[in-house]
There are 2 protein chains.
Amino acid sequence: MPRKPASPPRQGPARTPARTPACRRSRAAATTGDEAAFLEAYDPSAYERLSVCVDVALLSAFEGHLFTAVVKRHEHPFQGKWALPGGFVRPDESLHAAADRVLAAKAGLDRVFVEQLYSFGDPSRDPRTRVISVAYYALVDCDRFPSPADTAGSVMSARIVVPWEGETGGPVQLVALNGSRVPLAFDHADILGMAVKRIRGKLDYTPVGFQLLPSTFTLRQLQDVHETVCGKALNKDSFRRKMLASGLLEATGDRQVDVEHRPAELYRFVKRSAV
Amino acid sequence: MPRKPASPPRQGPARTPARTPACRRSRAAATTGDEAAFLEAYDPSAYERLSVCVDVALLSAFEGHLFTAVVKRHEHPFQGKWALPGGFVRPDESLHAAADRVLAAKAGLDRVFVEQLYSFGDPSRDPRTRVISVAYYALVDCDRFPSPADTAGSVMSARIVVPWEGETGGPVQLVALNGSRVPLAFDHADILGMAVKRIRGKLDYTPVGFQLLPSTFTLRQLQDVHETVCGKALNKDSFRRKMLASGLLEATGDRQVDVEHRPAELYRFVKRSAV
DNA sequence: CTAGCATATATGCACAGCGCATCGAAGTCA
DNA sequence: TGACTTCGATGCGCTGTGCATATATGCTAG
């Protein structure tokens, strides 16, 4: 515990009556009467409202690359470009529920790992009107990653090219499986870049890598996922020791089958219940 | 680099025409004509809009405790409770600009370290109407922390009591300088809790601690700040070695004055320009 | 003036984690 | 059967960290 004040003592609490806040009041009645009556009479249009959408960066890893799913825009703005799955937030659903709904509707996925990423609110990010985008990222193992067959061709999987190292951050590029560049709409290249940066950082101290693997996996597969996400090679032995010492892995007793070499032990992720 | 596919190869790109997205179209004209004409005719009310506000958790550290600034609510809802400085986002300002504006208007602060924290969007978090709160956290050194004299008594400083250890997370409590509990409005206890959790995590790998100190400081003061934020004691020697080895500190050559013991060297934070 | 005291600052040492090299084990394939 | 590949374990050196110790430097009490 600190042994010494970092600064001299401060003033007492502000007990004097506060001034009216700088923002305009929606109704003078807000300071009188009971709360129920106030809420009954409240006019939401007192402040200008904005459009709020969620955009989901769905990430998966295979063949040493990160992939994401994008949908083609057939409408203005950015007609013909590709966008992250997204949609406007409905008045009665939470932000997280909106992200789940978008994933189910556009990628046919449910029960995936979804976490909030960042909110993008530049006034000019959407040329139509002011739209705040609450971005989420989702992680699925490659077997669940949506294929054209699942989604009737409405989504395309594209490889992520990260033009920076470590956790520098910045926008990323997308390349289609035929090698052509995929142009992204809005600020979605920034959103994807931040998603990559986020999971690179999370990989060090959270078991987020398991979200990108099937229920059982070998240590080599887990390391491949980590290397794919981080974009650099890792020491094999250190990785093994660290993972086995983490207490997050449990040996299944089974081994790989149909491999051209010595089969590796299969592990599963075990949730730390009470620590 | 990964030496082996983590999964068998996948399908080619989705080249079949995409279906109409699940979300309703705002206008049938969106798929025809040029983009300029579309934007001209765009109707923002096609989707229900929401209220968006920013709330700022202003944090500072002194006397071994974390402090924040709250304003008393004189209006419904939560009349009489205390809230983080906040305000609705204006249609023409970015989210970050809104946070800066709120800090300037309610705490009289500018040029402070401000970063986005998280967006809170539970449908019932504001009883008036649907309000999305994009929360920010700001860090200032204790000398710049607003006093009642600066703000005409509209803000109160309160001590943060963190009822969890490490980076567990969860809501925190606020205690006024006279020892009484400060009841918080909305979900602001959760926002504050997440702000504390965030800077605890950031402290390990970013020079965020300097934001809580004046321009020059001793190693002891820096350690005090770290201990205050993390809520636990740190090893003195390791802390000194790590900080001096980080390359982020630069000795000023000056020393403390008017202290009752050997004066310590004063350091300043040096931005890593090109590394 | 001097002894005592509190704190800063430097150094030595034990231990744990990590990178690296080596070696045996266990499969497939020619 | 032997070559080849990958898995999985062991040993060694380097480095960072926690802990203990020693010295330096200012103030204060007597």
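Note that the structure is a prediction, hence the values are computed from the model and not measured. These numbers come from the heavy atoms of this one structure, side chains and all, not from hydrogens, waters or symmetry mates. We name chains A, B, ... by the order of the sequence lines, and we start the count at 1 in each one.
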Exercise for the section: Whole angstrom is fine here: how far is it from CG in B/Leu219 over to C1' in C/dA10? Expected result: 13 Å
Exercise for the section: Applying side chain to side chain contact (heavy atoms under 4.5 Å, CB included), name anything that partners A/His226, two or more places apart in sequence or on another chain. Expected result: A/Leu203, A/Leu222, A/Leu234, A/Phe239, A/Met243
Exercise for the section: Check the distance between D/dC27's C1' and B/Gln256's CD and give it to me in whole angstrom. Expected result: 13 Å
Fill in the blank from the handout: Protein-proximity profile, nucleotides 20-30 of chain C, B/S/- by nucleotide at the 4.0 Å heavy-atom cutoff, equals BB--BBBSS--
Handout entry: Spacing between B/Gln221 atom CD and C/dA8 atom P, to the nearest angstrom
Key = 10 Å
Practice task
Would you please classify the geometry between the B/Phe269 ring and the B/Phe210 ring as parallel, tilted or perpendicular, with 30° and 60° separating the classes?
Solution key: parallel
Practice task
Please report, rounded to the nearest Å, how far the P atom of C/dT7 is from the CG atom of B/Asp224.
Solution key: 11 Å
Practice task
Report yes if a side-chain nitrogen or oxygen of A/Lys236 is closer than 4.0 Å to either non-bridging phosphate oxygen (OP1 or OP2) of D/dC7; otherwise report no.
Solution key: yes
Practice task
For A/Leu234 and C/dG17, give me the distance from atom CG to atom C1', rounded to whole Å.
Solution key: 16 Å
Handout entry: Distance test, side-chain N/O of B/Arg240 to OP1/OP2 of C/dT9, below 4.0 Å
Key = yes
Problem - A/Glu260 atom CD, over 12 foreign heavy atoms within 6.0 Å - result: no
Handout entry: For B/Lys236, all residues meeting side-chain hydrogen bond (donor to acceptor under 3.5 Å, both in side chains), sequence neighbours excluded
Key = none
Practice task
Report yes or no: do B/Ser119 and A/Ser119 form a side-chain donor-acceptor pair below 3.5 Å?
Solution key: yes
Practice task
Calculate the interatomic distance between B/Lys232 atom NZ and D/dT17 atom P; express it in whole Å.
Solution key: 13 Å
Problem - Between D/dT17 (P) and B/Gln223 (CD): distance, integer Å - result: 13 Å
Handout entry: Spacing between B/Phe217 atom CZ and C/dA8 atom C1', to the nearest angstrom
Key = 16 Å
Practice task
State whether B/Arg198 and B/Glu115 are salt-bridged, where the test is any N-O pair (Lys NZ or Arg NE/NH1/NH2 against Asp/Glu carboxylate O) under 4.0 Å.
Solution key: no
